[in-house]
Amino acid sequence: MKFFHTADWHLGKLVQGVYMTEDQRYVLDQFIKAIEEEKPDAVIIAGDLYDRAVPPTEAVDLLDEVLQTITLKLKTPVLAIAGNHDSPTRLDFGSKMMKANGLHIVGEFSKDLEPVILQDQFGEVHFHLVPYTDPSVVRNEYGDEEIRNHNKAMEKIIETITSKMDPNARHVFVGHAFVTPYGEEQENTSESERPLAIGGSEYVDARHFMKFHYTALGHLHLAHYVLDQKIRYAGSPLKYSISEEKHKKGYLIVELDEEGNVQIEKKVLQPLRDMRTVETTIDDLFKHPVNEDYVFVQLLDETPVLSPMEKVRSVYPNAMHVERKIILSNHQQRKFEGERIARHQMDDLSLFRAFYREIKQTEVSEETEEIFKEILREIELENREELKKASNEVAATK
């Protein structure tokens, strides 16, 4: 059996004030064309179809259009789950009616976990669709007070699934979670990923999934495997923050043979506009050809630039951010690092001097320092007057 594994579409995504709908449509058109050409037996979407619980109308229309094309026009079953960004009830609405047309969406978690069963020439493949859910929901569903974090919740869910597994079938798990090799804490793969929990309780042990022939995961935006080649994140189809600049975005083609062995191929999607960093001086910037990529510009000028975004957007009309990049020597870096560590011990004037040096890359002048001292004296005088007034009011009440 051959199926596509994708996730984290985040339809309706807003990045730096820019809606990504046009860019999302562009890559999803490529995805649909690939389905036409490859003719997979199914498409898996492992959560975060939308970017938020109440998505904009354009995002809803785009998802409806894409799912209708895949299931009705191309006759390809879609197996999807809710992610932490989705509204479970929104995705669940009408799901029973849609199953008849090959659209299997699970929004809300239930302990009655029944797989979606598809057939190929070798027999049945059971797809276990487990949407994102808070551990408290799993605890209440099972009446198990020991479930207090995501790892325990997933352990209980998989224990329930494996207890009823058909040993003659092949099994695919579809989930949305932060999975690490042994449930240890790790950094997110993107700044645009929303934490699933506070205080280190979001991490799930990859060893829970070893009984499945393939595990299709969503949530982390970097395509990679965890502990074993058959436990995979497809990653998001687009870059949604500059922290994803080096990611190769796309989807996975998974082929499951008669014995349940998998072959996995990564397919890259070409974005309408790339998201990348541009380092340049303002003079060199004007030598660049006009480009519509989403750029984060770091200006290398030694002095501040007047109206930098206006100048940048004359060359990069979709520029998302501009800042000055201050390049320090190794000696300066060591010096300023030492100052940062010691700042909590500094008085107000010393803090001002350190701040001025770091921002202006020069020492504060005597004139500027005297102005700052005068302001400090005025503030101190005001504070004394306030304190004196408060003391008199307290004394009057006695």
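In what follows, every heavy atom counts, from backbone to side chain, and hydrogens, waters and symmetry copies are set aside.
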- [ ] Assess whether side chain to side chain contact (heavy atoms under 4.5 Å, CB included) is satisfied between I231 and M210, documenting all intermediate values.
- [x] CA-CA 8 Å; I231 304 171; M210 295 303 291; 3.8 Å; yes

Residue pairs, two or more places apart or on separate chains, that pass side-chain hydrogen bond (donor to acceptor under 3.5 Å, both in side chains) and touch [range]:
| range | answer |
| --- | --- |
| residues 264-275 | E22-R273, D23-R273, K239-D274, E265-K267, R273-Y294 |
| residues 72-82 | none |
| residues 158-173 | D120-R170, H128-H171, Y142-T160 |
| residues 297-310 | Q298-E323 |

Ignoring hydrogens, what is the shortest heavy-atom contact between [X] and [Y]? Give both atom names and the distance.
| X | Y | value |
| --- | --- | --- |
| L222 | H224 | O-ND1, 2.6 Å |
| P77 | D41 | CD-O, 3.2 Å |
| P56 | Y19 | CG-CE2, 4.1 Å |
| H126 | P115 | ND1-CG, 3.8 Å |
| G107 | P131 | O-CB, 3.5 Å |
| K311 | L285 | O-CD2, 3.8 Å |

Donor-acceptor contact present, side-chain [X] to main-chain [Y], <3.5 Å:
| X | Y | answer |
| --- | --- | --- |
| R313 | A319 | yes |
| Q16 | M320 | yes |
| T71 | L103 | no |
| Y233 | V179 | yes |
| Q24 | W9 | yes |
| R90 | A53 | yes |
| E38 | A34 | no |

TODO: Evaluate the ring planes of F4 and Y251, with Trp represented by its six-membered ring, and classify them as parallel (under 30°), tilted (30 to 60°) or perpendicular (over 60°).
DONE: tilted

- [ ] Take the angle between the ring planes of Y316 and H288 and call it parallel below 30°, perpendicular above 60°, tilted in between.
- [x] perpendicular

Task: E185 vs T180, side chain to side chain contact (heavy atoms under 4.5 Å, CB included): CA-CA, chis, key distance, verdict - done: CA-CA 7 Å; E185 182 176 350; T180 62; over 6 Å; no

Joint hydrophobic cluster, [X] plus [Y], side-chain heavy atoms closer than 4.5 Å:
| X | Y | result |
| --- | --- | --- |
| V262 | L118 | yes |
| I81 | L252 | yes |
| V174 | I157 | no |
| V297 | F286 | yes |

Task: Passing candidate, side-chain contact (heavy atoms from CB on, under 4.5 Å) with D8, options H176, H85, E193, K13 - done: H176

TODO: Using side-chain contact (heavy atoms from CB on, under 4.5 Å) as the criterion, point out the one residue from V66, D48, D61, L62 that pairs with L11.
DONE: L62

TODO: Indicate, with yes or no, if the rings of F127 and F3 have centres closer together than 6.0 Å.
DONE: yes

Answer yes or no: are there more than 12 heavy-atom neighbours, outside [X] itself, under 6.0 Å from its atom [atom1]?
| X | atom1 | answer |
| --- | --- | --- |
| F93 | CZ | no |
| E367 | CD | no |
| E146 | CD | no |
| Q121 | CD | yes |
| K249 | NZ | yes |

TODO: Just jot down the salt bridge (charged side-chain N to carboxylate O under 4.0 Å, His left out) partners of E36, sequence neighbours excluded, or say none.
DONE: none

Open item on the list: Test of understanding: with salt bridge (charged side-chain N to carboxylate O under 4.0 Å, His left out), list the residues that count as partners of D86, not counting sequence neighbours.
Closed with: none

Task: salt_bridge(D228, K230) N-O dist < 4.0 Å - done: no

- [ ] Determine, for K156 against E141, whether the closest basic-nitrogen to carboxylate-oxygen distance falls under 4.0 angstrom.
- [x] no

From [X] [atom1] over to [Y] [atom2], what is the distance, rounded to the nearest 0.5 angstrom?
| X | Y | atom1 | atom2 | value |
| --- | --- | --- | --- | --- |
| E370 | S365 | CD | OG | 10.0 Å |
| D92 | E108 | CG | CD | 5.0 Å |
| S241 | F296 | OG | CZ | 7.5 Å |
| K373 | E366 | NZ | CD | 8.5 Å |
| F209 | F173 | CZ | CZ | 5.0 Å |
| T215 | L227 | OG1 | CG | 11.0 Å |

Task: Derivation of the side chain to side chain contact (heavy atoms under 4.5 Å, CB included) call for D51 and M20 - done: CA-CA 11 Å; D51 189 58; M20 306 295 290; over 6 Å; no

Would you say [X] and [Y] make side-chain contact, with heavy atoms under 4.5 Å?
| X | Y | value |
| --- | --- | --- |
| F178 | N188 | yes |
| I282 | L299 | yes |
| R276 | N291 | yes |
| S87 | V54 | no |
| H150 | P135 | yes |
| Q186 | P181 | yes |
| M275 | E245 | no |
| Y26 | L238 | no |

Would you kindly say whether [X] and [Y] are connected by a side-chain donor-acceptor distance under 3.5 Å?
| X | Y | value |
| --- | --- | --- |
| T281 | D283 | no |
| S236 | H10 | no |
| H5 | Y214 | yes |

Task: Test side chain to side chain contact (heavy atoms under 4.5 Å, CB included) applied to L196 and Y203, step by step - done: CA-CA 9 Å; L196 300 178; Y203 308 103; over 6 Å; no

